[in-house]
Amino acid sequence: MRLRNKPWAIKLVNEHPESVLQNPDPAKKINWDKRFADFSQPLEIEVGSGKGRFVTTLAAQHPERNFVAIELQTTAAGIILRTKLEKHLDNLQILRGDAADINRFFAPNSTNIIYLNFSDPWPKTRHEKRRLTYKAFLSKYQEVLTPNGHIEFKTDNSGLFAYSVKSMNNFGMHFDFVSVDLHHEKVEITQKNIETEYEQKFAAKGNPIYALYASFKAK
């Protein structure tokens, strides 16, 4: 999703460096304990948050947990920030940066859940390495997740879902939950499903929503 630049969003982001970390140097450690009101709380990360409906809803529902929204676009970061400020979400931080550096932005074994919601499918074979479930990304997620942590992945793209299942399986991951029609199957998940903007759009058209939870085997 590419958003048009919104001057108000860019201005808002620049006015709130305490809430939005912009293009941090991957070579320098981020002091997350100073960016949250209570850093002792469990940490969860959403990669590619878009307009932020998912992560802001989750943060509002769970003040006992901390969240980081990783998003490249300044306008998207501004939209998330506006909601954060309106809802007084002290347990949410926004990182405007590249998810390829996730293992540099976060310490090893520091997060419980990584959310991948409606990621760009990058359907062309030559772009495989850009998919967020490519083996190089999985290796980085494994590094920052706690031993009991897991990935929660949702998409409307059957090709990306099939690729992700294969990629995770080849990486030796455990599938704790799998659904090929999340909104219509009678399935049990660990928490109430929060719909993203994309999810609402695609589900309204009758498109199936694919989902899985996957964890890593002990090293």
Side-chain angles (χ1 to χ4, degrees), residues 13 16-50 52 54-72 76-77 80-81 84 89-117 119 130-154 164 167-168 171-177 189-191 194 196 211-219:
V13 165
H16 289 275
E18 80 287 350
S19 295
V20 184
L21 192 57
Q22 297 198 69
N23 293 317
D25 184 348
K28 295 181 180 179
K29 183 179 179 181
I30 298 173
N31 197 346
W32 288 108
D33 59 342
K34 291 187 176 181
R35 299 192 66 88
F36 286 103
D38 184 358
F39 186 65
S40 66
Q41 299 184 157
L43 177 66
E44 301 176 9
I45 302 167
E46 184 184 24
V47 178
S49 296
F54 176 88
V55 73
T56 56
T57 301
L58 200 57
Q61 290 181 357
H62 295 281
E64 78 284 0
R65 288 142 62 176
N66 289 332
F67 299 88
V68 175
I70 299 180
E71 176 55 53
L72 267 175
I80 299 170
L81 176 59
K84 167 185 162 62
L89 302 175
D90 294 334
N91 61 333
L92 172 63
Q93 283 284 311
I94 303 159
L95 192 160
R96 198 174 70 76
D98 193 336
D101 293 315
I102 191 170
N103 61 327
R104 298 184 180 183
F105 295 147
F106 299 93
N109 306 314
S110 61
T111 182
N112 289 341
I113 304 176
I114 294 176
Y115 300 97
L116 306 175
N117 292 317
S119 310
R130 298 185 184 184
R131 298 171 192 162
L132 292 182
T133 50
Y134 179 65
K135 60 183 179 181
F137 280 100
L138 297 180
S139 179
K140 294 172 182 180
Y141 303 151
Q142 183 179 26
E143 185 177 339
V144 302
L145 280 168
T146 61
N148 295 323
H150 67 277
I151 293 171
E152 296 191 10
F153 170 78
K154 288 194 292 185
S164 300
S167 179
M168 292 178 180
F171 203 85
M173 297 182 70
H174 289 289
F175 295 99
D176 307 305
F177 166 80
I189 56 178
T190 59
Q191 61 188 11
I194 297 172
T196 72
L212 64 82
Y213 294 0
S215 55
F216 296 92
K217 290 181 179 179
K219 294 181 181 180

Return the minimal non-hydrogen interatomic distance between [X] and [Y], and the atom names on each side.
| X | Y | answer |
| --- | --- | --- |
| S19 | L81 | CB-CD1, 3.6 Å |
| H150 | S215 | CB-CB, 4.0 Å |
| P147 | N109 | CD-OD1, 4.1 Å |
| E71 | A77 | CG-N, 4.2 Å |
| I80 | A69 | CD1-CB, 4.4 Å |
| L92 | A59 | CB-CB, 4.3 Å |

Can you tell if the side chain of [X] reaches within under 4.5 Å of the side chain of [Y], non-hydrogen atoms only?
| X | Y | result |
| --- | --- | --- |
| K154 | L116 | no |
| M168 | L212 | yes |
| V68 | T111 | no |
| L95 | I45 | no |
| M173 | I151 | yes |
| N117 | V55 | no |

>> Among residues at least two apart in sequence or on other chains, which ones pass side-chain hydrogen bond (donor to acceptor under 3.5 Å, both in side chains) with Q22?
In response: N14, R96
>> Just to verify, what does S139 make a side-chain contact (heavy atoms from CB on, under 4.5 Å) with, not counting sequence neighbours?
In response: F171
Check whether [X] reaches the backbone of [Y] with its side chain - one donor and one acceptor, N or O, closer than 3.5 Å.
| X | Y | value |
| --- | --- | --- |
| E46 | F54 | no |
| S49 | G52 | no |
| S119 | L132 | no |
| N66 | D38 | yes |
| E64 | P42 | no |
| Y115 | E44 | no |
| Q41 | F67 | no |

Measure the [atom1]-[atom2] distance between [X] and [Y] for me, rounded to the nearest 0.5 Å.
| X | Y | atom1 | atom2 | result |
| --- | --- | --- | --- | --- |
| L58 | I194 | CG | CD1 | 4.0 Å |
| N23 | L72 | CG | CG | 8.0 Å |
| L138 | T133 | CG | OG1 | 6.5 Å |
| I94 | L21 | CD1 | CG | 10.5 Å |
| L145 | I114 | CG | CD1 | 4.0 Å |
| F177 | E152 | CZ | CD | 9.0 Å |

> Got a sec, which residues hit ring pair (Phe, Tyr, Trp, His ring centres under 6.0 Å) with F106, two or more places apart in sequence or on another chain?
Replying inline: W32
> What pairs with F36 under ring pair (Phe, Tyr, Trp, His ring centres under 6.0 Å), at least two apart in sequence or on another chain?
Replying inline: none
Under 3.5 Å, which donor-acceptor pairs link side chains of residues 98-105 to any protein atom two or more places apart or in another chain?
| unit_1 | atom_1 | unit_2 | atom_2 | d |
| --- | --- | --- | --- | --- |
| D98 | OD1 | A100 | N | 2.9 |
| N103 | ND2 | E143 | OE1 | 3.3 |

>> So, using salt bridge (Lys or Arg N to Asp or Glu O under 4.0 Å) as the criterion, who are the partners of K84 when residues are at least two apart?
In response: none
